[in-house]
There are 2 protein chains.
Amino acid sequence: MGSVTDGRDLTARATIRNAALRLFAERGHDAVTVREIASAAGVSPALVLHHFKSKDGLRAAVDAHAAESLDALFAELGGQELTEMLARGGASASVAEAFVQVFPSGSPLPAYLRRLLLTNDPAGAALFARWYATTRGVLDAMVESGIAAPTEDPAVRAAFLLVSDLAVILLREQIAAAIGNDPLTPTGLARWARDVTAVYTGGAFAAPGKEPPS
Amino acid sequence: MGSVTDGRDLTARATIRNAALRLFAERGHDAVTVREIASAAGVSPALVLHHFKSKDGLRAAVDAHAAESLDALFAELGGQELTEMLARGGASASVAEAFVQVFPSGSPLPAYLRRLLLTNDPAGAALFARWYATTRGVLDAMVESGIAAPTEDPAVRAAFLLVSDLAVILLREQIAAAIGNDPLTPTGLARWARDVTAVYTGGAFAAPGKEPPS
DNA sequence: CCACGTACTTAACAAATGTTTAGTATTTTG
DNA sequence: CAAAATACTAAACATTTGTTAAGTACGTGG
């Protein structure tokens with residue numbers, strides 16, 4: 001009976017929602033049963049259906065809650081923190097960095113973000129659309145202020161930067177296995193960001209007929 | 001070759017496996033029932049269990065078949081095609097490019113690759129490990145021949161290039177919605193590759209205290 | 001104190017699902 | 001050709017699943 005109350009005396013509704021968030025993130029919506037969620041939350045299965053009208057209602061509530069948390073996280077990237085970070089020499093702020101800084105290491109949110117983006121549900125699409133819009137805005141500002149290079153296709157540029165960032169979260173386990181560091185830990189992310197910054201500032205390949213960057 | 005066509009001269013076993021591949025890719029393993037697979041393949045549910053011992057056995061067979069097709073695809077990238085492409089001025093060969101060239105537009109394999117990498121099953125991890133090893137080898141060769149820039153952390157560099165490439169497949173729908181072109185079509189990919197190549201050859205951001213690339 | 005709504009549980013139900021059994025066609029093989 | 005094996009189906013089985021019914025504890029407002 002792993003009580004998933006995160007330290008605080010949460011309302012039962014929130015406890016259930018948190019348990020569902022964790023289980024959904026770990027194993028996927030369909031592979032988790034209402035009884036498992038209830039057991040993890042320490043309540044009866046019927047109470048789950050009492051608070052949320054159905055399993056799908058619970059899923060919607062979890063989606064909404066996760067999207068809210070994730071948006072709050074991402075919002076910091078678009079705010080003052082961003083320009084501050086950029087001024088300090090970091091090439092860019094990343095979603096991965098925000099994850100490492102804000103969420104505890106065992107947080108189910110990275111895995112849930114994965115599910116949100118993978119399953120073609122509206123919540124995931126909406127989340128991506130919001131983040132993409134923010135990315136475009138930030139990138140425009142960075143070009144304006146001379147931090148980022150202009151491009152003929154800013155839509156693709158912004159999308160590329162965003163998805164390359166998200167890929168770290170989506171493929172976290174595979175990256176960890178490949179390079180020997182979990183990229184969503186401070187150590188791993190520092191190592192990751194170092195080389196990625198090099199690519200973003202100097203490139204990685206030679207232009208046709210030219211020398212590659214040192 | 002990875003023939004995904006439901007040609008009528010296929011053995012029933014292959015027909016079932018292809019139907020399962022498509023359904024698994026579209027909706028996920030757990031959301032698809034044996035009866036649905038049987039119906040899609042035009043056979044009785046019991047026959048599915050007769051050929052593959054269980055639903056999980058079918059899943060394993062589909063995993064193996066998909067991994068084989070995908071590996072065949074990726075192998076071309078490591079072979080002669082790669083150096084040929086590179087010589088012709090393309091900055092790099094990508095998995096996405098291979099998908100567009102080899103698979104018909106309605107192929108379930110991109111979506112299945114997504115599931116393979118997302119669900120932490122061993123088949124997906126093994127696939128990524130193989131692809132990562134190939135990527136590292138190719139990158140080393142490219143550095144050797146002066147096409148790619150050397151880096152202090154080749155493990156991260158190779159991982160970054162691979163996952164940024166895979167991200168196009170993983171987030172295909174979201175990218176399509178954002179930029180208005182499906183990146184797994186010739187048109188969309190050409191547009192995508194153009195700007196990504198620019199980043200990979202010249203970077204996207206200014207190094208601290210320097211001007212960004214033009 | 002009483003009525004009442006909310007939180008909550010136990011127990012059961014109906015549908016769906018993976019799987020099995022038993023049997024029929026069809027192909028292979030000695 | 002006979003026999004054995006394989007391909008295949010129809011029907012049932014056992015379990016699991018989401019959901020509901022009915023009832024109990026409990027705090028709140030009148």
Revision key, fill the gap. Separation of C:dT27 atom P from B:Leu47 atom CG, nearest Å, is 14 Å

**Study point:** Within-4.5 Å side-chain heavy-atom neighbours: A:Pro154 and A:Thr151
**Key:** yes

Under 3.5 Å, N/O pairs linking protein and nucleotides 22-24 of chain C:
none

Check your understanding: Hey, does A:Trp131 have a side-chain heavy atom less than 4.5 Å from the side chain of A:Asp71?
Key -> yes

Check your understanding: With no hydrogens and no angle check, is any side-chain donor or acceptor of B:Tyr132 less than 3.5 Å from a backbone partner on B:Ala155?
Key -> yes

Nucleotides 16-18 of chain D: which of its N/O atoms have a protein N/O under 3.5 Å away?
from   : atom 1 : to      : atom 2 : distance (Å)
D:dG18 : OP1    : A:Lys55 : NZ     : 2.7
D:dG18 : OP2    : A:Val34 : N      : 3.0
D:dG18 : N7     : A:Arg35 : NH1    : 2.9
D:dG18 : O6     : A:Arg35 : NH2    : 2.9

Review point. D:dT19 P sits how many Å from A:Ile37 CD1, rounded?
Key: 11 Å

Check your understanding: Does A:His50 place a side-chain N or O at less than 4.0 Å from the phosphate oxygens OP1/OP2 of D:dT20?
Key -> no

Exercise for review: Let me know the distance between NZ of A:Lys53 and C1' of C:dT6, rounded to the nearest Å.
Suggested key: 18 Å

Point to revise | Closest non-hydrogen atom pair between B:Val34 and B:Pro45, with its separation | key: CG1-O, 3.9 Å

Review point. Counting only N and O atoms by type, is there a donor-acceptor contact under 3.5 Å from the side chain of A:Arg22 to the main-chain atoms of A:Ala40?
Key: no

Check your understanding: Are any of the side-chain nitrogens in A:Asp153 or B:Arg194 under 4.0 Å away from the carboxylate oxygens of its partner?
Key -> no

Point to revise | Of the listed nucleotides D:dC8, C:dA7, C:dT20, the one nearest the side chain of B:Ala46 | key: C:dT20

Review point. Would you say the side chain of A:Val168 lies within less than 4.5 Å of the side chain of A:Phe99, judging by non-hydrogen atoms?
Key: no

**Study point:** Interatomic distance where CZ belongs to B:Phe52 and C1' belongs to D:dA7 [whole Å]
**Key:** 13 Å

**Study point:** Whole-Å distance separating the CZ atom of A:Arg13 from the P atom of C:dA7
**Key:** 10 Å

**Study point:** Residue pair A:Leu139 / A:Ala148: nearest heavy atoms and the distance that separates them
**Key:** CD1-CB, 4.0 Å

